[in-house]
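This report concerns only the one structure given below.
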Amino acid sequence: MKKVFLLACILLIGSSSYAQTWVNDALTLFNKNQAVVLTINMRTFGAVDKDRNGIIQKKKGEVSGNFDNAISRLDEISALGVNTLHLLPINPVGKRRAKGTAGSLFAVKDLTAIDSNLGNPNSNSILLLQVKDFVEACHKRNIRVLVEMPAYGAYDLYLKKPRLFLKDKTRQSIVIPMQKDLRIFNAGTGATLNMDVYNLYEKYVELLLSIDVDGVVVQDPYLKPAKFWKKLISYTKSQNQNFVFVAEMNKSQKRPKDVKVPYIGLRRIMNTGFDVYLGDFDNIVDWKFPEDVYKSVRNNQKFQNKFANKKAVLADFNLYSNVAPIMVEDIYLSKMIIWLSSTLPVNAMYTDGFQTGDDYSFDWANLKALGSTTDDTKYYSERGKLDIYNFSRRPKGLYPELIDELKMANKFKLQMSADMPNAEFVMLNTNYPDVFCYAMTDRITNHTVFVVGSFDMENIKNVEIKVSGLNKKMIVKNVRNYAEPQLHRGKINTLLAPADIQVFEIDKFAIK
């Protein structure tokens with residue numbers, strides 16, 4: 001009762017005229033493929049690393065990321081064309097059997113609270129108000145805020161409330177290999193829900209609603225029964241009908257083989273009321289032929305057509321849990337991801353640090369720590385992946401030219417959506433087996449955008465694309481080209497550099 005009263009007082013004190021006028025339009029944004037999402041770790045987002053050794057040491061006056069200093073980066077993020085932030089879990093984390101000196105963001109100790117480490121200790125405002133101020137600052141810049149909904153509890157929480165968690169036949173908690181700090185919540189079955197767990201998640205949603213966030217990105221939704229999601233989504237949308245649920249899962253997600261856990265497929269999950277899902281684009285590192293591009297797009301379009309209510313797709317080319325593109329194919333893959341995300345019929349998704357080509361490498365990785373807040377005495381790190389285990393530096397790479405590329409592409413994405421609201425994806429053939437070409441064409445506004453890319457890392461290609469109805473009198477507008485495409489009757493010719501991608505448009509022309 002005291003908690004409810006305190007929360008009511010906080011909301012009354014923290015309310016503002018701006019917060020009251022904000023209208024959550026995130027779902028509309030997703031349905032129009034206009035969302036440009038940036039995933040951030042609040043621990044690192046606004047961190048101040050004075051000696052630049054990559055680790056945050058409070059004894060040296062260094063500051064880890066918090067909701068207060070995060071506001072200073074919002075203008076920078078807005079300038080990139082980002083209109084949606086995805087915050088990785090912001091709850092307190094476990095300390096026992098932990099990974100890293102701060103503990104995994106996903107080993108949640110309390111779903112109903114905000115991690116005190118994410119508050120500014122020098123602020124006169126209580127933590128919840130600092131969070132609300134951050135969300136309001138985002139909204140003032142027309143940035144929507146989504147928060148990651150964790151699927152697991154910390155070992156600490158398991159010891160305190162074992163009834164909340166799944167157990168095997170020997171009554172031992174189920175541990176995912178290589179994730180000894182995580183325990184799987186027992187949400188019940190399709191017949192009978194575990195209301196202790198359900199009520200915990202309902203309180204979690206109430207917490208997020210109280211700080212005015214616009215939606216959630218749900219980690220591993222397949223671990224809970226469809227009945228659980230139907231009930232939770234229905235309850236949430238009764239409080240805020242525009243609140244967005246993103247399933248952090250793609251169509252190729254399979255039942256885990258190394259441990260027996262509950263599992264439901266993506267189609268059943270989306271039928272419970274989820275609005276957005278991942279598009280299965282994270283395998284771009286294996287793409288070699290045009291068919292790889294076409295298949296990914298067509299499979300998503302077929303999947304989306306299975307539902308009566310519109311479902312949006314998020315392009316997971318740069319998912320935070322994957323190795324940074326810069327580690328795979330240097331800057332070339334990053335540029336290709338930018339333009340694919342901006343021109344395909346998808347919503348764009350990037351991880352903080354992508355915009356400058358961060359490889360997330362740390363000299364201190366897996367070495368003995370100078371200090372720790374957990375029972376782990378080493379700086380645990382996964383090579384090439386965003387650090388979610390320590391209080392470390394803010395993401396920043398060595399390729400600032402990607403910033404301009406991203407700004408240009410994101411601006412074009414929104415302009416293309418406005419100019420071509422009825423655009424259709426069309427596959428086009430080229431004269432090379434490792435060069436793809438597709439068009440987004442709007443037969444109503446009579447406008448077409450062409451995208452040509454090469455998977456060849458070594459050779460220049462003189463590409464020919466056959467397009468019925470073209471003639472040399474039409475005007476080509478370059479969006480991102482180093483060579484001027486030449487129009488002929490029924491075809492396009494262009495020079496394509498190794499691993500290059502070109503984008504150009506033709507007005508007053510649509511592919512029939």
Side-chain angles (χ1 to χ4, degrees), residues 38-45 47 49 53-56 64-65 86-91 93-108 115 117 148 150-152 154-155 175-184 217 219-220 248-250 253 256 258-259 278 281-286 316-330 333-334 337 349-370 372-398:
L38 184 72
T39 299
I40 67 172
N41 172 4
M42 289 301 297
R43 283 180 185 167
T44 63
F45 187 64
D49 179 21
N53 69 348
I55 203 72
I56 301 301
S64 61
H86 163 210
L87 280 56
L88 293 180
I90 56 176
N91 308 95
V93 303
K95 307 301 182 184
R96 303 185 65 172
R97 297 191 182 180
K99 279 189 173 183
T101 58
S104 168
L105 293 175
F106 296 96
V108 174
D115 186 356
N117 288 302
E148 181 100 7
Y152 306 94
Y155 182 62
V175 180
I176 299 176
M178 305 302 293
Q179 299 288 341
K180 294 182 179 180
D181 54 336
L182 306 182
R183 296 295 183 273
I184 304 171
V217 178
Q219 181 193 24
D220 296 345
E248 198 171 61
M249 179 179 177
N250 56 36
Q253 185 89 45
D258 48 4
V259 60
L278 302 186
F281 293 101
D282 59 340
N283 62 347
I284 186 174
V285 295
D286 300 318
D316 50 339
F317 289 113
N318 183 226
L319 195 62
Y320 66 88
S321 57
N322 291 342
V323 173
I326 212 77
M327 296 279 285
V328 182
E329 293 290 358
D330 203 13
L333 181 59
S334 296
I337 285 173
M349 185 182 197
Y350 305 100
T351 298
D352 190 24
F354 173 91
Q355 67 270 32
T356 51
D358 198 340
D359 61 8
Y360 311 112
S361 295
F362 301 94
D363 293 337
W364 43 256
N366 304 314
L367 297 177
K368 185 173 178 58
L370 297 173
S372 178
T373 62
T374 72
D375 61 4
D376 190 353
T377 59
K378 290 186 176 181
Y379 298 118
Y380 184 83
S381 177
E382 296 176 316
R383 186 172 182 270
K385 297 183 181 181
L386 183 70
D387 179 26
I388 62 170
Y389 304 102
N390 311 279
F391 296 113
S392 56
R393 63 167 173 83
R394 71 174 61 177
K396 187 173 180 61
L398 301 175

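These values consider heavy atoms only, across backbone and side chains, with no hydrogens, waters or symmetry-generated copies. Numbers here are sequence positions counted from 1.
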Could you point out which residue of Asp352, Leu88, Val217 forms a side chain to side chain contact (heavy atoms under 4.5 Å, CB included) with Thr39? Leu88
For Asp358, give me all partners under side chain to side chain contact (heavy atoms under 4.5 Å, CB included), at least two apart in sequence or on another chain. Tyr360, Arg393, Pro395
Stepwise, does the side chain to side chain contact (heavy atoms under 4.5 Å, CB included) test hold for Asn390 with Trp364? CA-CA 11 Å; Asn390 311 279; Trp364 43 256; 3.6 Å; yes
If we ignore hydrogens and angles and just use 3.5 Å, is the side chain of Asp49 paired with the main-chain N or O of Gly54 as donor and acceptor? yes
Which atoms form the tightest heavy-atom contact between Asp376 and Gly100, and what is the distance? OD2-N, 2.7 Å
What verdict does the side chain to side chain donor-acceptor pair (under 3.5 Å) test give for Asp387 and Tyr379, after you've listed the backbone C-alpha separation in whole Å, the side-chain angles of each residue and the deciding distance to 0.1 Å? CA-CA 10 Å; Asp387 179 26; Tyr379 298 118; over 6 Å; no
So, does Asp181 use its side chain to make a donor-acceptor pair with the main chain of Arg97 at under 3.5 Å? no
So Glu248 and Leu278, side chain to side chain contact (heavy atoms under 4.5 Å, CB included) or not? Walk me through it. CA-CA 6 Å; Glu248 198 171 61; Leu278 302 186; 3.9 Å; yes
Taking Ala47's backbone N and O only, do any of them form a donor-acceptor pair with Arg394's side chain (distance below 3.5 Å, no angle check)? yes
Point-to-point distance, once rounded to the nearest 0.5 Å, from OG of Ser392 to CG of Leu386: 8.0 Å
To the closest 0.5 Å, what do you measure between CG (Asp282) and CD1 (Ile337)? 10.0 Å
Within the 4.5 Å heavy-atom criterion, are Gln355 and Leu38 side-chain neighbours or not? yes
Assess whether side chain to side chain contact (heavy atoms under 4.5 Å, CB included) is satisfied between Lys385 and Val323, documenting all intermediate values. CA-CA 5 Å; Lys385 297 183 181 181; Val323 173; 4.2 Å; yes
CG-CZ distance between Asp359 and Arg383, expressed to the nearest 0.5 angstrom: 8.0 Å
Residue pair Phe391, Ile55: steps toward the side chain to side chain contact (heavy atoms under 4.5 Å, CB included) verdict: CA-CA 6 Å; Phe391 296 113; Ile55 203 72; 5.7 Å; no
Can you confirm whether Leu87 sits close enough to Phe45 that some side-chain heavy atom of one is under 4.5 Å from a side-chain heavy atom of the other? no
Tell me if the CG atom of Leu398 is crowded by more than 12 foreign heavy atoms within 6.0 Å. no
How long is the gap from CD1 on Ile40 to CD on Glu148, to the nearest 0.5 Å? 12.0 Å
Taking atom CE of Met42 and atom CG of Asn117, what is their separation to the nearest 0.5 Å? 12.0 Å
If I take atom CD from residue Gln179 and atom NZ from residue Lys99, how far apart are they, to the nearest 0.5 angstrom? 4.0 Å
With no hydrogens and no angle check, is any side-chain donor or acceptor of Asp316 less than 3.5 Å from a backbone partner on Phe281? yes
Locate the shortest heavy-atom distance separating Tyr389 from Arg43; write the atom from each residue and the value. C-NH1, 3.7 Å
Minimum-distance pair of heavy atoms, taken over all atoms of Pro150 and Asn91: CG-OD1, 3.7 Å
Hey, are the side chains of Leu319 and Thr351 touching, using non-hydrogen atoms and a 4.5 Å cut-off? no
Hey, what's the ring geometry for Tyr320 with Phe106, parallel, tilted or perpendicular (30° and 60° as the breaks)? parallel
Output yes when a side-chain donor or acceptor of Ser372 lies under 3.5 Å from a complementary backbone atom of Thr377, and no otherwise. no
Measure from the side-chain N and O atoms of Asp375 to the backbone N and O of Ala98, and report whether any donor-acceptor pair falls under 3.5 Å. yes
Measure across Leu105 and Val108 and return the closest heavy-atom pair with its distance rounded to 0.1 Å. O-CG2, 3.9 Å
